[in-house]
Amino acid sequence: MKRIKFFLLYLLGKPRWDTGIVPPEVVEFVEQHPPRRALDIGCGTGTNLLYLMQKGWQGNGVDFSWLAVFKARQRLRKAGFPPNVWVDDATRLTKAKGEYNYILDIGCFHQLSPAGKRAAMDSILKILALDGCWMLYGHCWNPSESMDHGLSEQDISEVSSRFRMIRRVDGQEGTRGPSVWLWLERRGL
Ligand SMILES: C[S@@+](CC[C@H](N)C(=O)[O-])C[C@H]1O[C@@H](n2cnc3c(N)ncnc32)[C@H](O)[C@@H]1O
């Protein structure tokens, strides 16, 4: 159902989030870390992936909307980069091979059901490098919405029971409501 919703949003034009602007939190991370392997989960049309590649990262992207993947590939090819973007589901990540030093998720994880979020964490734990960072952005859960949109405090505490939260920044996304950025590492380092 969600897949159809996203397909239609991409088909009908430029979805609300597809601004072409790289968030300052991503710019800050990239400026502070040497370029290595990055994975953008729910990469949409590839704005952040292109930025990472321009900064020397070996970037891969996945999205379950084939139209978003098509657009991201076109964008990367046009800029002279390999179109390493695949149709895949965040809960399985079957196309992401090897280890990633930077995993970015802007607006995908927060769309998952509680079971989907747990499956996505299992998948990320298999591919996040020992010294890697998973940077997650989502809307905060609003009790008037369903459980498969937004990050509840319960979700955040589950995430931080499985990963080490090194930073949390709460914010506000325009009129949309509260949002949150999380910086996560593997536990046991
Ligand atoms: C709000 S958009 C953000 C896109 C992109 N990260 C950006 O910042 O422009 C969320 C993206 O996640 C994708 N998505 C949602 N659920 C997904 C899932 N289960 N697996 C893979 N991609 C998913 C959607 O197709 C959409 O492209």
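Numbering of ligands and ligand atoms starts at 1, following listing order.
Contacts between C43 and ligand 1, counted as non-hydrogen atom pairs separated by less than 4.0 Å, involve the backbone only.
Polar contact with ligand 1: absent for D40 (N/O pair, distance under 3.5 Å). Polar contact with ligand 1: absent for F6 (N/O pair, distance under 3.5 Å). Remark: ligand 1 and V62 share no N or O pair separated by less than 3.5 Å (distance only, no angle test). At least one N or O atom of D89, backbone or side chain, sits closer than 3.5 Å to an N or O atom of ligand 1. Close N/O approach between T91 and ligand 1 is not found [any backbone or side-chain N/O within under 3.5 Å]. In terms of N/O distances under 3.5 Å, ligand 1 is approached by I106.
Near G107, with a cut-off below 4.0 Å to any heavy atom, the atoms of ligand 1 are 1 (C), 10 (C). Annotation for ligand 1: atoms under 4.0 Å from non-hydrogen atoms of S65 are 25 (O). Here is the list of ligand 1 atoms found below 4.0 Å of a heavy atom in N48: 8 (O). Taking every heavy atom of L112 and a limit of under 4.0 angstrom, the matching atoms of ligand 1 come to 19 (N).
With salt bridges taken as basic N to acidic carboxylate O contacts below 4.0 Å, one links R36 and D131. One finds no salt bridge joining R168 and E25 here, because no Lys/Arg side-chain nitrogen approaches an Asp/Glu carboxylate oxygen to under 4.0 Å.
Nearest non-hydrogen protein atom to atom 4 (C) of ligand 1 is G42 O, 3.3 Å. Scanning the protein for heavy atoms near atom 25 (O) of ligand 1, the closest one is D63 OD1, 2.6 Å. The protein non-hydrogen atom at the shortest distance from atom 9 (O) of ligand 1 is W17 CD1, 3.5 Å. The single protein non-hydrogen atom nearest to atom 20 (N) of ligand 1 is A90 N, 2.8 Å, given as residue, atom name and distance.
From E158, atom CD reaches atom OG of S152 across 8.0 Å, with rounding to the nearest 0.5 Å.
Ring pair W181/W183 is tilted by interplanar angle, where 30° to 60° counts as tilted. The aromatic rings of H110 and H149 sit tilted relative to each other, their planes meeting at an angle between 30° and 60°.
Neither side chain, S161 nor R187, offers a donor N or O lying under 3.5 Å from an acceptor on the other. A donor-acceptor pair shorter than 3.5 Å can be found between the side chains of E173 and Y137. In this model, a donor atom of one side chain and an acceptor atom of the other lie less than 3.5 Å apart for D89 and T91.
Between W66 and Y10, the ring centre distance reaches or exceeds 6.0 Å. With ring centers used as reference points, F29 lies 6.0 Å or more from W134.
Between F7 and ligand 1 there is no heavy-atom distance shorter than 4.0 Å. Look at D88 and you'll find a heavy atom under 4.0 Å from some atom of ligand 1.
Nearest-residue assignment for atom 16 (N) of ligand 1 (options F64, Y137, F109; heavy-atom criterion): F64.
When the options V159, I103, D105, L136 are evaluated for a side-chain contact (heavy atoms from CB on, under 4.5 Å) with I124, the one that passes is I103.
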